[in-house]
2 protein chains.
Amino acid sequence: MDLQTFLPYRLAVLSEQVSQCIALVYRERFGLSRDEWRVLAALAGRGTVRTAEVIEATTLEKMQVSRAVSNLQERGCVERLPDPQDGRGWLIRVTPAGRSLFQKIAPMVRAREAFLLEALSPQEREVLNAAIDRLAEQARLLGRQG
Amino acid sequence: MDLQTFLPYRLAVLSEQVSQCIALVYRERFGLSRDEWRVLAALAGRGTVRTAEVIEATTLEKMQVSRAVSNLQERGCVERLPDPQDGRGWLIRVTPAGRSLFQKIAPMVRAREAFLLEALSPQEREVLNAAIDRLAEQARLLGRQG
DNA sequence: TATTGTTATACTCTATAACTATA
DNA sequence: TATAGTTATAGAGTATAACAATA
């Protein structure tokens with residue numbers, strides 16, 4: 001068995017390389033953790049959302065979201081409003097400051113994504129995207145049964 | 001910007017899902033860490049190798065390799081021999097016990113990989129593999145300049 | 001009783017660098 | 001003076017579960 005051709009290893013190495021490239025922007029230049037960046041990105045395009053939606057959109061655990069939101073709130077990037085429909089929950093939304101921060105970061109990370117994708121033809125990008133979805137679905141099936 | 005279509009995010013989520021599926025085998029059933037698993041897999045197909053080769057084959061840092069090798073050695077899976085060509089280094093090789101352990105794990109993780117790949121046609125697999133190599137190369141270029 | 005979100009805690013990983021032995 | 005590998009240590013991230021408030 002050759003590690004170099006083993007898909008899970010190849011994906012892990014690639015994903016780490018790519019994540020590093022992106023994290024360089026949001027971490028070094030803007031002092032966000034990965035979780036904070038994800039939450040900010042998930043909120044930026046939306047209005048006011050429940051925590052559950054943030055969890056779903058970021059694939060983070062509830063306590064990771066809780067901490068990321070707290071940190072973003074301290075930093076003035078998001079705000080929490082009581083949820084009138086459920087006294088236990090919150091409605092979360094990005095503030096103007098948060099939106100402004102996101103709008104600084106987004107073009108930079110998008111440019112990096114675009115540079116990565118330059119290596120692929122449009123057809124290859126389509127196959128890649130479809131492959132990611134199908135592999136994720138298979139992994140989900142595999143994970144279910146343990 | 002939509003996180004769901006952002007390649008770095010998609011790769012991170014997929015890679016984590018896939019890694020979990022594989023880690024379930026080597027961690028839960030055989031008590032290996034990710035690094036130990038990688039080192040064992042890198043050594044299993046080879047003879048006696050220098051530490052530098054293990055570092056290269058696993059994309060781990062030298063101190064991660066050092067610890068993983070120590071742990072595997074305590075467990076009787078690898079042994080270290082002094083390098084006659086360089087008194088500072090070691091030659092590392094898998095023991096019969098280590099090989100036997102690897103031969104228990106390998107078919108199980110390969111079966112999982114095969115299940116994942118069932119979702120893709122041979123052509124799609126080729127495109128995926130080429131895409132991984134090209135994206136990794138682009139990420140390397142991006143990482144270099146910071 | 002179950003669920004939402006927070007907090008506590010212990011554990012694992014990671015990153016940096018100091019250190020030794022040798023080159 | 002540089003390199004191979006080890007060790008130390010501090011910081012970050014992760015996982016579990018306990019917990020308060022509400023449903």
Side-chain angles (χ1 to χ4, degrees), chain A residues 12-13 15-17 19-20 22-24 26-28 30-39 42-43 48-75 78-93 143 146, chain B residues 12-13 15-17 19-20 23-24 26-28 30-39 42-43 48-74 78-93 143 146:
Chain A
V13 171
S15 168
E16 201 189 312
Q17 277 182 290
S19 289
Q20 279 300 107
I22 302 301
L24 225 60
Y26 62 68
R27 190 167 49 218
E28 311 304 330
F30 297 97
L32 291 177
S33 73
R34 187 201 63 166
D35 293 355
E36 289 156 17
W37 155 247
R38 276 199 194 173
V39 169
L43 288 173
T48 299
V49 302
R50 287 175 297 106
T51 301
E53 294 173 63
V54 179
I55 290 172
E56 217 228 314
T58 56
T59 62
L60 296 172
E61 303 287 315
K62 64 178 180 174
M63 103 288 289
Q64 295 174 299
V65 168
S66 171
R67 288 198 187 116
V69 169
S70 289
N71 295 342
L72 288 170
Q73 191 178 24
E74 275 175 39
R75 204 172 150 151
V78 308
E79 56 193 353
R80 281 190 261 221
L81 315 164
D83 183 346
Q85 313 225 295
D86 186 337
R88 296 169 301 181
W90 298 97
L91 296 176
I92 307 168
R93 70 176 175 211
Chain B
V13 172
S15 169
E16 201 190 311
Q17 278 183 289
S19 290
Q20 278 301 107
L24 226 59
Y26 61 68
R27 190 166 51 220
E28 311 305 329
F30 297 97
L32 291 176
S33 73
R34 188 202 63 166
D35 294 354
E36 288 156 16
W37 156 246
R38 275 199 193 173
V39 169
L43 289 173
T48 300
V49 301
R50 287 175 297 107
T51 301
E53 295 173 62
V54 178
I55 291 172
E56 217 229 313
T58 56
T59 62
L60 296 173
E61 302 287 315
K62 64 177 180 173
M63 103 290 287
Q64 294 174 300
V65 168
S66 171
R67 288 198 186 115
V69 169
S70 288
N71 294 342
L72 288 169
Q73 190 178 24
E74 276 175 38
V78 308
E79 55 194 352
R80 281 191 260 222
L81 314 165
D83 183 345
Q85 313 227 294
D86 187 338
R88 298 169 301 181
W90 298 97
L91 297 176
I92 307 167
R93 71 176 174 208

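The sequence lines fix the lettering, A, B, ..., with proteins before strands; numbering per chain opens at 1.
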Residue whose closest nucleotide on DNA chain C lies nearer the 5' end, A/K62 versus A/Q20 | A/K62

Chi angles and distances behind the side-chain contact (heavy atoms from CB on, under 4.5 Å) call for A/T59, A/R38 | CA-CA 9 Å; A/T59 62; A/R38 276 199 194 173; 3.4 Å; yes

Under 4.0 angstrom, heavy atoms only, what part of the nucleic acid is A/D83 near: base, sugar-phosphate, or nothing?
-> nothing

Does the side chain of B/R34 come within less than 4.5 Å of B/Y26's, by heavy atoms?
-> yes

In this structure, OG of B/S66 is separated from CG of B/N71 (nearest 0.5 Å) by 9.5 Å

Out of C/dT14, C/dT6, C/dA21, which has the shortest distance to the side chain of B/R88?
-> C/dA21

Report the C-alpha distance between B/L91 and B/R50 in whole Å, list the side-chain angles of each, state the deciding distance to 0.1 Å, and finish with yes or no for side-chain contact (heavy atoms from CB on, under 4.5 Å).
-> CA-CA 5 Å; B/L91 297 176; B/R50 287 175 297 107; 3.5 Å; yes

Would you say the side chain of B/L72 lies within less than 4.5 Å of the side chain of B/L32, judging by non-hydrogen atoms?
-> yes

Kindly check if the number of other-residue, nucleotide or ligand heavy atoms within 6.0 Å of CD (B/E28) is above 12?
-> yes

Footprint ends on DNA chain D, 5' to 3', for atoms under 4.0 angstrom from a heavy atom of chain A, come out as D/dT14 to D/dA23

Please report, rounded to the nearest Å, how far the C1' atom of C/dT14 is from the CZ atom of B/R34.
-> 10 Å

What's the spacing between A/E36 CD and A/F30 CZ if we round to 0.5 Å?
-> 14.0 Å

Given atom CG of B/D86 and atom P of C/dA21, what is their separation to the nearest angstrom?
-> 15 Å

More than 12 non-hydrogen atoms from neighbouring residues, nucleotides or ligands closer than 6.0 Å to CD on A/E16, yes or no?
-> no

The answer to which of B/I55 and A/Q64 contacts DNA chain D further toward the 5' end, by nearest nucleotide, is B/I55

Could you tell me whether B/R93 atom CZ has more than 12 heavy atoms of other residues or ligands within 6.0 Å of it?
-> no

Which pairs, protein N/O on one side and nucleotides 7-9 of chain C N/O on the other, fall under 3.5 Å?
unit_1: C/dA8; atom_1: N6; unit_2: A/R67; atom_2: NH2; d: 3.1

Would you classify B/R27 as touching base, sugar-phosphate or nothing, given that sugar-phosphate means primed atoms plus P, OP1 and OP2, and contacts are heavy atoms under 4.0 Å?
-> nothing

Expressed in angstrom and rounded to an integer, what is the separation of B/W90 atom CH2 from C/dA21 atom C1'?
-> 11 Å

Under 4.0 Å between any heavy atoms, over every strand shown, what does A/E61 touch: base, sugar-phosphate, or nothing? Just pick one.
-> nothing

